Amino acid sequence: MSWEENVRRVTPYTAGEQPGQKNVIKLNTNECPYPPAPGVEKAAAELDCERLRLYPDMNAEKLVNALAGYYHVKPEQIFVGVGSDDVLAMSFMTFFNGDKPILFPDITYSFYDVWADVFRIPYQTCALDTRFRIRMEDYLQPNGGIVIPNPNAPTGVLEDVEMFEEILKKNPDSVVIVDEAYVDFGGRSMIPLIGKYENLMVVQTFSKSRALAGLRIGFAVADEKLIRYLKDVKFSFNSYTMNMPAIELATAAILDDAYFKEIVGKIIRTREWTKEQLRRLGFSFEDSRSNFVFATHPEVPAQELFAALRAGNIYVRYWKKPRIDNYLRITIGTDEQMRTLVLFLENYLKER
Ligand SMILES: *Cc1c(COP(=O)(O)O)cnc(C)c1O
């Protein structure tokens, strides 16, 4: 008998690289290429360091109220956490405790199976079709819960709200989590349906469209009852996860709506330009409604392109995984960054 027999062994999630050098064009982790809102910078300058002496507000009321106002829901219908990763992990722990497997797509956010493993939750993946679409029927089998991103990652493919409504109606005994990490880039949010479906939970993040990945802010919107259960588990784990600066700056981000709309609009325009250019270079991809494009080239293996780009100080994301090992996920950066990427690819394909 060794202490090692009592270790909870897990294979951790692997995040995209955060390179040390400054001269890298970083298109590998779907961060926002623009700085946070001016309102956030102002709030940062005005932070009262004396207040760091005290524990933060464990209910993060200021942020919760700002979100409730913005999304037209009740404060009791909101849960905030340290990035949506924290919110999702807490939700897996809270809602997925049955014997039946939880369901999620075979190609999706690669943290879901990690959380299922660490919390000992049985799971089953449902294969996307050849065009990376969700097959709704797959989610009508007996299950212990459902989690699907919309748009999906890393495919960027958006599904209709109506499909999710059908899944919700057919699964009244399961909590259905819709991970809307990328919904601001052209999707329709399910938040207006909170109140209609008791088993729906929508999760969003400040890491992509709100340019605050470094602050770690995410939130869930759901029926009051779900939020109460989620809070019970969270407050049994660590009451003070949201620090005071994070609460203040995230609130300022919500209040600076004009800037938010401006940068999201810019990213969408740059995405559409990038799609045209990639198409011109022979790449193919499903229509992305996120801040990245998931592209494949008919002649050049993705792994080779990934290495060549990396050697040229352009970082994108590549997974050596079944079904997606010939794809690159390219985050939408600034216009200039995308011009550099397109030029690099054009030259590489020509000279190869
Ligand atoms: C980026 C991402 C998250 C996590 O975001 P954080 O708020 O930074 O933890 C969750 N789900 C999906 C699908 C993502 O792409």
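Both ligands and their constituent atoms are indexed starting at 1 by order of listing. Atoms considered below: every heavy atom in the structure, side chains included; atoms not considered: hydrogens, waters and symmetry mates. Note that this is a predicted model, so its numbers are computed, not measured.
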Do L67 and I254 make a side-chain contact, defined as non-hydrogen atoms from C-beta onward lying under 4.5 Å apart?
yes
Is the shortest side-chain N to carboxylate O distance from K42 to E46 below 4.0 Å?
yes
Determine whether R289 and R271 make a side-chain contact, defined as any pair of heavy atoms from C-beta on separated by less than 4.5 Å.
yes
Under 3.5 Å: N/O of Y109 near N/O of ligand 1
no
Judged by non-hydrogen atoms, does G218 sit under 4.0 Å from ligand 1?
no
May I ask you to identify the nearest protein heavy atom to atom 5 (O) of ligand 1, giving residue, atom name and distance to one decimal place in Å?
S84 OG, 3.1 Å
Measure the distances from the heavy atoms of D179 to every atom of ligand 1 and state whether one is below 4.0 angstrom.
yes
So NZ of K208 and CD1 of I267: to nearest 0.5 Å the spacing works out to 12.0 Å
Atom indices of ligand 1, in the order listed, that fall short of 4.0 Å to a heavy atom of R216:
6 (P), 8 (O), 9 (O)
Atoms in ligand 1 with a heavy atom of T205 nearer than 4.0 Å:
5 (O), 6 (P), 7 (O), 8 (O)
Quick check on side-chain contact (heavy atoms from CB on, under 4.5 Å): which of I146, V202, L88 does I177 satisfy it with?
L88
Any V147 side-chain heavy atom under 4.5 Å of F92 side chain:
yes
In terms of atom number and element, which parts of ligand 1 are under 4.0 angstrom from non-hydrogen atoms of S207?
6 (P), 7 (O), 8 (O)
Any donor-acceptor N/O pair, K170 side chain to E165 backbone, under 3.5 Å
no
Counting only N and O atoms by type, is there a donor-acceptor contact under 3.5 Å from the side chain of N23 to the main-chain atoms of N313?
no
Taking only heavy atoms of G83, which atoms of ligand 1 are found under 4.0 Å from at least one of them?
7 (O), 9 (O)
Using a 4.0 Å heavy-atom cut-off, say whether Y182 meets ligand 1 through its side chain, its backbone, both or neither.
side chain
Quick one: does Y112 get an N or O within less than 3.5 Å of an N or O on ligand 1?
no
Atoms in ligand 1 with a heavy atom of K208 nearer than 4.0 Å:
1 (C), 2 (C), 3 (C), 4 (C), 5 (O), 14 (C), 15 (O)
